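Here the structure is laid out as structure tokens; the discussion comes afterwards.
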Amino acid sequence: MFKTRLLSGIVLVLLLIGVVGYGGNILFGTLLVISLTGMWELYRVADMERSLLSCAGYASALLYYGMLYRFGTRFMAFFLVLSLVMILGVYVFSFPKFRADQVTMAFFGVFYVAVLLSFVYQTRMFPHMGKAMVWLIFLSSWGCDTCAYCVGVLFGKHKMAPKLSPKKSVEGGIGGVAGAALLGLLYGYVTIRLGVSRVDPLHCAFICGVGGMISQIGDLAASAIKRNYEKKDYGTLIPGHGGILDRFDSVIFVAPVIFYLLVILTR
């Protein structure tokens, strides 16, 4: 099992290097596919992935990515209102086929998966430094996860959230944050030496440390949703990892945090 996860992780990282490193358009298209797949998995947990209501959610995600590509985030409020109207329209004109909690899940899926995940692209397109700084998202999320696992196995004694994830420990969580901060610091020094970034390595360490804390909340939040619906994984798309949401649950939360920290720290 560990070898399968390691091999799948290596393949995923190599694919990510190709997608992120080549250009923004390829990353944009890849994130759109990942978003739609993640929404499918989320809706499947609620047994609504093939419903007319979920189709309204998929259409909203497509609309959002189209508006993001063409106009940026200038019409975000308009999009949210339009998305809600579309989903509520399906709810009203097909009543009583769907329940109110399914309507909430349909709208939640659009924002939770598609909108939040799009901040990976927005960070990649950050002026002058996006190509280098987008990697802080993955360093802080996946780096924290790896460091937390190693520290937790060696020193973990106090459970962080036993009902959601019995294997996660407070010691592992602290080690994950510290490890993510260290990775950010090293990455900051490397990018400055290579001349691809001017961001202070201490800022990179701070960003990754905060990202590491947020990533653990994202991981546990995704677990909470699965527990509510009595599911073990969101899917089986990635061998050894589960579904798209099982692998990107922390990235979804970290991406907007990294983006806005860069906005604040690089003013």
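From a predicted model like this one, the values you see are computed outputs, not experimental measurements. Sequence positions, counted from 1, serve as the residue numbers for this chain.
A continuous path of hydrophobic side-chain contacts links M125 to M67 [ILVMFWY only; heavy atoms under 4.5 Å]. Under the 4.5 Å side-chain heavy-atom criterion for Ile, Leu, Val, Met, Phe, Trp and Tyr, I34 and L68 are members of the same hydrophobic cluster. Hydrophobic clustering (ILVMFWY, side-chain heavy atoms < 4.5 Å, transitive): L32 and F259 are in one cluster. Residues L202 and V199 do not share a hydrophobic cluster, defined by chaining ILVMFWY side chains whose heavy atoms lie under 4.5 Å apart. L164 and I214 are members of different hydrophobic clusters when ILVMFWY side chains are connected at heavy-atom separations under 4.5 Å.
The side chain to side chain contact (heavy atoms under 4.5 Å, CB included) test with S83 is passed by exactly one of V110, L63, L88: V110. Shown are Y69, F79, Y58, F71; of these, the ring-ring contact (aromatic ring centres under 6.0 Å, His included) with Y64 is made only by F79.
A donor and an acceptor atom, one from each side chain of E41 and T37, are nowhere located under 3.5 Å apart. Under 3.5 Å, the side chains of S215 and S250 contain no donor-acceptor pair of N or O atoms.
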Would S35 and Y65 satisfy side chain to side chain donor-acceptor pair (under 3.5 Å), going step by step from the backbone distance to the final call? CA-CA 10 Å; S35 294; Y65 270 86; 2.8 Å; yes

For side chain to side chain contact (heavy atoms under 4.5 Å, CB included), just list the numbers for L220 and M160, CA-CA rounded to whole Å, side-chain angles, deciding distance to a tenth of an Å, and then say yes or no. CA-CA 10 Å; L220 291 172; M160 180 183 295; 4.0 Å; yes

Walk me through whether K163 and R227 qualify under side chain to side chain contact (heavy atoms under 4.5 Å, CB included). CA-CA 9 Å; K163 292 185 178 181; R227 297 295 180 271; over 6 Å; no

With side chain to side chain contact (heavy atoms under 4.5 Å, CB included) as the test, would you mind laying out the steps for S140 and I258 before giving the verdict? CA-CA 9 Å; S140 57; I258 299 296; 4.0 Å; yes

Given side chain to side chain contact (heavy atoms under 4.5 Å, CB included), test K226 with D246 step by step and report yes or no. CA-CA 10 Å; K226 289 188 292 186; D246 293 299; 2.9 Å; yes

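For the atom pair CZ (F78) and CG (L80), the distance works out to 11.0 Å, reported to the nearest 0.5 Å. A distance of 9.0 Å separates NZ in K159 from OG in S165, rounded to the nearest 0.5 Å. Taking CE from M105 and CG from D47, the interatomic distance works out to 10.0 Å, rounded to the nearest 0.5 Å. A distance of 9.0 Å separates CD1 of I244 from CG of L117, quoted to the nearest 0.5 Å. Between the CD1 atom in I87 and the OG atom in S60 there is a gap of 4.5 Å [rounded to 0.5 Å]. Distance check, rounded to the nearest 0.5 Å: CD of E49 to CG of L53 gives 12.0 Å.
Around the CZ atom of R198, the shell of radius 6.0 Å holds no more than 12 heavy atoms that belong to other residues, nucleotides or ligands. The environment of CZ in F111 is sparse: at most 12 heavy-atom neighbours from other residues, nucleotides or ligands sit within 6.0 Å. Crowding of F206 atom CZ: a count of heavy atoms from other residues, nucleotides or ligands under 6.0 Å not exceeding 12.
Residue S197 comes nearest to M133 through the heavy atom pair OG-CE, 3.3 Å, listed as atom of the first residue, atom of the second, then distance. Closest non-hydrogen pair, S51 versus F98, comes out as CB-CE2, 3.6 Å. Closest heavy-atom contact between L36 and A61: CD2-CB, 4.0 Å. The two residues A222 and D249 have their closest heavy-atom pair at CB-CB, 3.5 Å. Minimum interatomic distance between M39 and A114 (heavy atoms only, all atoms of both residues): SD-CB, 4.1 Å. Nearest approach of V120 to L27, heavy atoms of both residues: O-CD2, 4.2 Å.
A donor-acceptor pair under 3.5 Å is formed between the side chain of T104 and the backbone N or O of A100. No side-chain donor-acceptor contact under 3.5 Å links Q216 to the backbone of M213.
F119 has its side chain out of reach of V257: every pair of non-hydrogen atoms, C-beta onward, lies at least 4.5 Å apart. Looking only at side-chain heavy atoms (C-beta outward), V251 and W142 come within less than 4.5 Å of each other. Using a 4.5 Å heavy-atom threshold, the side chains of F107 and M86 count as separate. Contact annotation: the side chain of F248 never approaches that of V254 to less than 4.5 Å [non-hydrogen atoms, C-beta and beyond]. Contact check for V115 versus M76: side-chain heavy atoms found under the 4.5 Å cut-off. Residues I252 and L245 form a side-chain contact, since some pair of their non-hydrogen atoms from C-beta on lies under 4.5 Å apart.
For D145 and R247, the salt-bridge test passes: some basic side-chain N is under 4.0 Å from an acidic carboxylate O.
Applying the salt bridge (charged side-chain N to carboxylate O under 4.0 Å, His left out) rule to D219 yields the partners K168; only residues at least two apart in sequence or on another chain are considered.
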Taking distance alone, no hydrogens or angles, what donor-acceptor pairs closer than 3.5 Å link side-chain atoms of residues 171-195 to residues at least two apart or in another chain?
from	atom 1	to	atom 2	distance (Å)
E171	OE1	K157	N	3.1
E171	OE1	H158	N	3.2
E171	OE2	H158	ND1	2.5
Y187	OH	A132	O	2.6
T191	OG1	Y187	O	3.1
T191	OG1	G188	O	2.9

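Annotation: F28 is in aromatic contact with Y121 [ring centroid separation under 6.0 Å].
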